[in-house]
Amino acid sequence: MAQTELPPIIVHRATMRVIDGVHRLRAAMLCGHDKIAVRFFDGDEADAFVLAVESNIAHGLPLSLADRKRAAGRIIDSHPQWSDRIVASVTGIAPGTVAEIRRRRTGGLTAVSSRIGQDGRVRPVNGSEGRRLASEVIAENPSLSLRQIARAAGISPETARDVRNRLRRGEDPLPKPRGKRHVNGAATTAPGPAVSTRKGFGSGAVPHRAPVQDRTATVDRLKADPALRMSETGRTLLRLLAIHTVSAEEWEEIIDNIPPHCSNIVAHLASECAGLWAEFAVRVERRVAETV
């Protein structure tokens with residue numbers, strides 16, 4: 001009977017420790033095999049642990065919730081610059097749970113002033129500090145573009161736009177906390193505008209887009225993940241994501257060369273695809289939350 005060839009095990013080259021594939025290795029030994037396909041991982045031990053956790057979450061023996069929480073704590077210690085969402089995606093628990101684990105381990109204090117998000121962008125832990133830095137950058141050089149201001153202050157271009165507009169109106173760069181009003185003698189919080197929980201999908205919002213270099217780096221990191229590379233659905237996802245590493249100049253060239261008689265059709269399809277991606281993102285995040 002023909003047997004499907006198993007994917008290679010992953011071994012940490014520096015320590016020769018098996019990161020992923022212990023059971024495959026044991027099965028090969030029991031079958032009397034003296035060789036097995038191996039892929040070497042050249043990162044440090046902290047990154048090797050992250051890969052081991054990721055691999056077990058994806059296709060190994062399922063880790064218990066307690067194991068995943070312990071793993072999250074260890075990753076927070078070794079990668080304090082990672083955002084809660086990155087740690088959550090690695091360990092298979094909700095970002096809120098990661099945030100609580102971080103608070104317990106650090107006592108609410110943080111040793112880093114910024115964190116790396118899932119999109120590869122670096123953002124300040126304290127949003128107020130990022131806005132303050134942006135206001136200083138704008139005061140020193142008002143001609144800078146929003147992206148240059150955002151990069152210098154470690155904030156998003158949309159936040160940089162808000163800071164710049166506030167300064168132009170003579171306002172403080174930091175939004176004032178929402179006040180309270182009294183209704184029938186009871187204090188209530190004044191309602192604010194409805195805000196979508198999905199970034200970029202609020203009414204009238206301009207979607208935040210990370211620079212193409214950041215998206216490319218993020219997709220490249222995903223391509224290095226064996227859990228995605230070694231499955232057909234994973235490879236399909238990587239191919240779809242790779243489409244969005246096209247540079248702004250290439251997009252402009254594509255747009256400029258769309259035949260006029262096809263423009264409406266292309267615009268309609270692009271809008272439908274954007275909706276599909278938005279639904280995809282919501283369902284993926286919901287699935288992560290449901291694992292807790």
Side-chain angles (χ1 to χ4, degrees), residues 4-10 19-21 24 37 39-43 47-63 68 71-72 75 79 82-95 97-98 115-122 196-201 207-248 250-251 254 266 268-292:
T4 303
E5 185 178 352
L6 294 174
I9 65 173
I10 303 176
I19 295 175
D20 179 43
R24 274 171 274 157
R39 289 186 61 254
F40 286 105
F41 176 73
D42 292 309
D47 287 336
F49 177 76
V50 171
L51 181 56
V53 173
E54 244 181 335
S55 300
N56 274 281
I57 291 297
H59 57 74
L61 290 176
L63 297 176
R68 283 179 277 154
I75 293 171
H79 297 75
W82 280 11
S83 71
D84 294 338
R85 286 186 178 276
I86 290 184
V87 178
S89 69
V90 170
T91 56
I93 58 179
T97 304
V98 174
R115 292 194 190 130
I116 303 170
Q118 280 186 298
D119 58 2
R121 291 182 62 80
V122 178
S196 170
T197 56
R198 292 287 305 159
K199 283 192 294 185
F201 292 99
H208 162 64
R209 290 190 297 273
V212 65
Q213 297 91 338
D214 293 344
R215 289 200 302 275
T216 302
T218 303
V219 172
D220 286 343
R221 286 198 297 274
L222 290 175
K223 287 179 179 178
D225 189 333
L228 290 174
R229 248 196 358 266
M230 294 175 182
S231 72
E232 185 58 38
T233 54
R235 288 191 292 271
T236 298
L237 175 60
L238 290 174
R239 285 194 295 270
L240 291 171
L241 292 172
I243 294 172
H244 301 287
T245 61
V246 173
S247 69
E250 290 175 296
W251 280 119
I254 291 170
V266 171
H268 176 71
L269 286 173
S271 179
E272 283 196 341
C273 290
L276 289 171
W277 273 117
E279 181 184 356
F280 176 85
V282 170
R283 292 180 63 183
V284 171
E285 289 189 344
R286 185 183 301 145
R287 183 181 175 190
V288 172
E290 289 173 352
T291 61
V292 179

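What you are looking at is a predicted structure, and each value in this text was computed from that prediction instead of being measured. In this chain, residues are counted from 1 in sequence order.
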Given Asp20 and Arg39, is the side chain to side chain contact (heavy atoms under 4.5 Å, CB included) satisfied, shown in steps? CA-CA 10 Å; Asp20 179 43; Arg39 289 186 61 254; over 6 Å; no
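For the side chain to side chain contact (heavy atoms under 4.5 Å, CB included) test, residues two or more places apart in sequence or in another chain that qualify with Ala48 are His12, Arg17, Ile19, Phe41. With sequence neighbours left out, Leu241 forms a side chain to side chain contact (heavy atoms under 4.5 Å, CB included) with Val219, Leu222, Leu237, Trp277. For Val284, the side chain to side chain contact (heavy atoms under 4.5 Å, CB included) criterion is met by Phe280, not counting sequence neighbours. For Ala88, the side chain to side chain contact (heavy atoms under 4.5 Å, CB included) partners two or more places apart in sequence, or in a different chain, are Pro95, Val98. A search for side chain to side chain donor-acceptor pair (under 3.5 Å) contacts involving Arg239 returns Thr236, not counting sequence neighbours. Asp220 is linked by a side chain to side chain donor-acceptor pair (under 3.5 Å) to nothing, counting only residues two or more places apart in sequence or in another chain. Residues satisfying the salt bridge (charged side-chain N to carboxylate O under 4.0 Å, His left out) test with Arg235, not counting sequence neighbours, are Glu232.
Side chains of Arg24 and Pro7 form a contact here, defined as non-hydrogen atoms less than 4.5 Å apart. Between Pro8 and Met230, the closest side-chain pair of non-hydrogen atoms falls below 4.5 Å.
None of Leu51, Asp225, Val50 except one satisfies the side chain to side chain contact (heavy atoms under 4.5 Å, CB included) rule with Val90; the exception is Val50.
Ser271 contributes no side-chain N or O that, together with a main-chain N or O of His268, makes up a donor-acceptor pair within less than 3.5 Å. Using a distance-only test at 3.5 Å, with no hydrogens or angles considered, a donor-acceptor pair links the side chain of Glu250 to the main chain of Ser247.
In this structure, Asp84 CG and Ser89 OG are separated by 11.0 Å, a value rounded to the nearest 0.5 Å. Distance check: Phe49 CZ to Glu54 CD gives 11.5 Å after rounding to the nearest 0.5 Å.
Of all heavy-atom pairs between Val87 and Trp82, the closest is CG2-CB, 4.1 Å. Nearest heavy-atom pair, Thr91 versus Arg68, reported as atom, atom and distance to 0.1 Å: O-CD, 2.9 Å.
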